[in-house]
Amino acid sequence: MAIQLEKELNDMQCKAASIIDGPVLIIAGAGSGKTRMITFRIAHMLESGIPQSSILALTFTNKAAREMEERIKQLTGQKLGQLTVSTFHAFGVKILRESIHHLPGYKENFTIYDQADKNSAVKEAAIHSGLGGENLDLYMVNNLISEIKTGRKKWDNTNDYFKPLFDYYHSHLAAYNAVDFDDLIIMPQMLFRKEPEVLEHYRERYSYIMVDEFQDTSMAQYNLVKMLGENNRNVCVVGDDDQSIYSWRGANYQNIVNFEQDFPERVEIKLEQNYRSTKNILAAANNVISNNTNRKEKELWTGTSEGKSIEIFHPENEINEAEFIAELIHRFNYEENIKFHNVGVLVRTNSLTAVLEDAFLAANIPYKVSGGQSFFQRKEIKDIISYLRVISNPDDDVNLLRIINTPRRGIGNTSLMKIRELAEDRECSIFSAMSLLVRDEDSSLKDGIRSHIVEFVDLVNGFREKFLSGKKMTASLRALIDEIDYWGYLITDNSKNEKLARWKFGNVQKFIEFFENWERNPDNIKPSIYDYLNKITLITSDDADDEEEGKINLMTIHASKGLEFEVVFLAGVEDHIIPHARALEENPDSIEEERRLFYVAITRAREKLFITSCQSRRVMRDVVDTIPSRFLESRFLEEIPEELIVPHQEDQVLDTTSALDQFAAMKARFAEKN
């Protein structure tokens with residue numbers, strides 16, 4: 001069955017999908033049906049007789065690649081064994097597996113180093129180079145290696161100090177037949193320059209190239225595409241400079257300009273019809289992004305309704321902000337049947353998620369965290385929760401093994417093996433085995449080890465009695481953290497970075513505050529430690545996902561790119577948060593990228609958009625007054641036209657008739673579910 005592009009796509013999408021030969025630049029605005037157009041374009045290429053093996057489609061995530069391939073398969077009905085739809089790094093692996101033997105010392109069975117492998121190799125290189133491994137700032141050195149390797153930075157007087165380390169690190173990789181992630185992009189280019197016939201082979205194989213999310217390509221990635229496509233010239237790139245938000249990881253939206261210069265005969269097409277958002281949301285986004293000067297002119301438009309006004313709320317602090325968001329989510333779920341998974345709660349930085357998570361926990365709202373680590377998954381929080389789990393259930397072997405030497409107690413591997421063997425022999429838990437060993441004076445354990453085990457058993461039993469009483473549990477939690485000297489453990493474990501230790505302990509203090517709020521909640525008639533631990537498990541567990549109701553999407557704005565939600569809450573739109581103070585300190589020109597980030601957040605919303613900006617916010621141990629998002633004289637919020645935004649009104653008391661109607665509607669919904 002022939003694919004009818006004119007029937008399936010709008011005029012501009014159809015034009016973009018129809019032009020197969022020659023270079024094409026497609027500027028695809030947010031929500032403009034970009035992925036649909038790309039899949040139809042590839043399907044049209046296949047229908048036009050271009051072999052699968054001649055097409056290379058590159059994108060940035062495995063998920064996007066799988067989705068694209070699945071859509072093409074559905075459209076064409078073909079098996080796609082010869083079509084290459086891949087991430088840049090996976091494509092680099094493919095080239096190197098086939099051809100790395102052309103580079104001296106390398107074989108096709110090379111190892112790809114992950115971050116932990118790379119850290120070990122860098123430490124070894126530092127020691128060998130006389131720079132010391134203990135005091136090394138691994139984050140800084142890894143960044144420098146990446147920037148030098150990919151051409152984002154050159155050697156100069158400020159960093160020449162690290163050149164011996166850089167050289168030894170790469171000699172280590174070669175000696176171990178290993179590559180790192182940057183090598184997956186750089187080494188194919190080294191190979192092509194060294195062996196022109198290999199380059200020619202890949203040029204002949206991939207005569208048609210497509211690149212999705214082109215604004216996110218780095219200079220190194222662009223150079224790889226250019227090397228492969230500059231002879232055949234059949235290169236189609238799809239992107240949106242207004243959504244370029246990854247400069248911190250090497251993305252260079254100037255590659256659009258580079259493409260225009262390298263392929264001057266290109267055809268340029270703009271996809272400006274938006275299928276996602278209401279007119280009000282689009283108008284707000286257009287007005288905000290128009291303040292950027294370094295961009296392609298475009299104006300998103302939609303044939304949908306005006307929609308609701310954007311609402312802004314100025315809560316007193318971050319706790320009120322989180323409670324407000326949780327309350328509205330519940331209301332939308334009950335009154336309008338908006339599923340949890342259709343709601344996105346977006347923040348500029350992961351540090352803002354903790355209070356939101358606590359509010360969702362208190363309100364029994366299931367959620368998942370993307371683009372950062374959940375507060376309850378941070379190591380220091382998992383440690384404390386594990387203590388509570390063992391205290392509430394000493395037979396929990398998994399959590400006991402997590403904390404038995406956190407902080408360190410001198411119960412070494414040999415002693416632990418004896419305890420585990422006893423537990424297996426007696427078919428009991430590890431804690432029960434420890435209790436037996438304490439009572440067995442004839443055991444082979446040394447007195448020092450025995451005393452450590454006694455201390456641990458007494459600790460668990462003593463605090464178990466306190467917590468199970470159900471009284472003053474927060475005081476017991478503080479006492480537990482003092483008793484194990486968790487602060488001292490953090491200082492020892494982060495001896496080279498006291499600031500990090502303080503930050504981690506600040507998270508522990510925040511957890512205590514959350515626990516105290518829960519214990520004091522008047523709705524908890526008889527709170528118990530079991531209730532709290534079960535709540536954490538049910539709300540945050542990946543296994544607790546309800547397919548119908550789903551989970552709230554709590555994520556950073558960066559992680560939200562490419563997604564859309566019926567309702568979006570954009571939290572913490574305040575000075576120093578968005579635009580982010582550190583980003584502007586490091587590069588004053590990044591204001592335009594911060595605005596692009598704000599634009600991306602706005603355009604995630606389909607129907608409703610709520611923006612919250614607190615009057616004050618706790619920063620570390622201080623409470624500071626905040627200012628709505630601004631930069632000098634340019635306020636992001638003030639860039640949204642007044643007629644599109646309204647202050648959120650506090651709830652009005654429902655009259656009896658309205659209340660009964662609402663109750664009847666809720667009752668009907670529950671009846672449908674059952």
Side-chain angles (χ1 to χ4, degrees), residues 5 9-42 44 57-60 64 68 208-219 221-222 225-226 229 233-247 251-277 281-303 561-564 592-593 595-604:
L5 298 179
L9 305 173
N10 68 36
D11 290 346
M12 288 296 101
Q13 290 174 333
C14 182
K15 182 179 178 182
S18 300
I19 302 173
I20 294 175
D21 296 312
V24 184
L25 169 61
I26 302 170
I27 304 297
S32 62
K34 168 179 65 74
T35 304
R36 179 176 172 81
M37 180 278 298
I38 291 173
T39 53
F40 269 94
R41 187 178 192 272
I42 295 176
H44 175 57
L58 295 170
T59 188
F60 278 85
M68 195 180 296
Y208 291 85
I209 301 173
M210 282 195 70
V211 183
D212 187 19
E213 302 287 5
F214 185 63
Q215 77 282 345
D216 293 336
T217 53
S218 67
M219 198 66 212
Q221 288 165 333
Y222 174 70
V225 171
K226 180 185 172 186
R233 315 296 284 178
N234 300 319
V235 182
C236 174
V237 298
V238 187
D240 180 9
D241 54 336
D242 287 338
Q243 296 187 73
S244 179
I245 58 175
Y246 294 113
S247 66
N252 184 0
Y253 75 98
Q254 286 294 333
N255 281 339
I256 292 176
V257 175
N258 295 332
F259 183 81
E260 291 173 334
Q261 292 172 348
D262 294 329
F263 297 88
E265 76 277 26
R266 77 203 173 279
V267 175
E268 182 173 319
I269 302 165
K270 293 181 182 177
L271 306 184
E272 297 174 291
Q273 182 174 358
N274 178 283
Y275 292 92
R276 177 186 301 159
S277 306
I281 291 171
L282 269 193
N286 283 333
N287 274 276
V288 167
I289 202 64
S290 66
N291 288 278
N292 273 5
T293 57
N294 215 355
R295 64 185 290 264
K296 287 267 187 186
E297 283 299 324
K298 69 183 83 64
E299 185 84 10
L300 295 186
W301 63 276
T302 181
K561 189 168 170 293
L563 303 177
E564 59 183 72
E592 294 218 345
E593 180 156 334
R595 186 178 281 108
R596 291 194 292 270
L597 199 57
F598 191 56
Y599 169 83
V600 165
I602 293 172
T603 53
R604 299 312 94 195

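Being a predicted model, the structure only gives us computed values, none of them experimental.
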Worksheet item: Where do V225 and L58 land on the side-chain contact (heavy atoms from CB on, under 4.5 Å) test, with the steps shown first?
Response: CA-CA 9 Å; V225 171; L58 295 170; 4.2 Å; yes
Are side-chain heavy atoms of [X] and [Y] found at a separation under 4.5 Å?
X	Y	result
E260	R266	yes
N274	W301	no
F259	V237	yes
V257	Q261	yes

Practice prompt. Before giving the answer on side-chain contact (heavy atoms from CB on, under 4.5 Å), spell out for R36 and F40 the whole-Å C-alpha distance, their side-chain angles and the decisive distance to 0.1 Å.
Written response: CA-CA 6 Å; R36 179 176 172 81; F40 269 94; 3.7 Å; yes
Item to complete: Only counting residues at least two apart or in another chain, list the ones meeting ring-ring contact (aromatic ring centres under 6.0 Å, His included) with Y208.
Response: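 Residues passing ring-ring contact (aromatic ring centres under 6.0 Å, His included) with Y208: none at all.
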Ignoring hydrogens, what is the shortest heavy-atom contact between [X] and [Y]? Give both atom names and the distance.
X	Y	result
D212	K34	OD1-NZ, 2.8 Å
I26	M37	CD1-CE, 3.7 Å
R295	I289	CD-O, 3.4 Å
D242	K298	OD2-NZ, 2.9 Å
D241	I256	CB-CD1, 3.8 Å
S277	T603	OG-O, 4.0 Å

With rounding to the nearest 0.5 angstrom, report the [atom1] to [atom2] distance, [X] to [Y].
X	Y	atom1	atom2	result
L300	I281	CG	CD1	12.5 Å
E299	N286	CD	CG	4.0 Å
I38	Q13	CD1	CD	10.5 Å
M210	M68	CE	CE	7.0 Å
N10	E272	CG	CD	10.5 Å
F263	N258	CZ	CG	11.0 Å

Discussion item. Tell me if a side-chain donor or acceptor on R604 pairs with a main-chain N or O of L563 at a distance below 3.5 Å.
Written reply: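 Indeed, once roles are kept as given, a pair shorter than 3.5 Å links the two residues.
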Between the side chains of [X] and [Y], does any donor sit under 3.5 Å from an acceptor?
X	Y	value
N255	T217	yes
Y246	N252	no
E593	S244	no

Practice prompt. Using side-chain hydrogen bond (donor to acceptor under 3.5 Å, both in side chains) as the criterion, list what pairs up with D262, not counting sequence neighbours.
Written response: Y222
Discussion item. I'd like to know if K561 pairs up with D216 as an ion pair, taking the criterion as any Lys NZ or Arg NE/NH1/NH2 lying under 4.0 Å from an Asp or Glu carboxylate oxygen.
Written reply: yes
Worksheet entry | Test: E268 and K296 ion pair at under 4.0 Å | yes
Discussion item. One pair to check against side-chain contact (heavy atoms from CB on, under 4.5 Å): V211 and Q221. What are the steps and the verdict?
Written reply: CA-CA 10 Å; V211 183; Q221 288 165 333; over 6 Å; no
Item to complete: Would you please test Y253 and D240 for side-chain hydrogen bond (donor to acceptor under 3.5 Å, both in side chains) and show each step?
Response: CA-CA 9 Å; Y253 75 98; D240 180 9; over 6 Å; no
Worksheet entry | I27 vs I269, side-chain contact (heavy atoms from CB on, under 4.5 Å): CA-CA, chis, key distance, verdict | CA-CA 6 Å; I27 304 297; I269 302 165; over 6 Å; no
Item to complete: Show your reasoning for whether salt bridge (charged side-chain N to carboxylate O under 4.0 Å, His left out) applies to E297 and K270.
Response: CA-CA 10 Å; E297 283 299 324; K270 293 181 182 177; over 6 Å; no
Discussion item. Checking Q273 against S32 for the side-chain hydrogen bond (donor to acceptor under 3.5 Å, both in side chains) test, could you report, in this order, the C-alpha distance in whole Å, the side-chain angles of both residues, the deciding distance, and whether it holds?
Written reply: CA-CA 5 Å; Q273 182 174 358; S32 62; over 6 Å; no
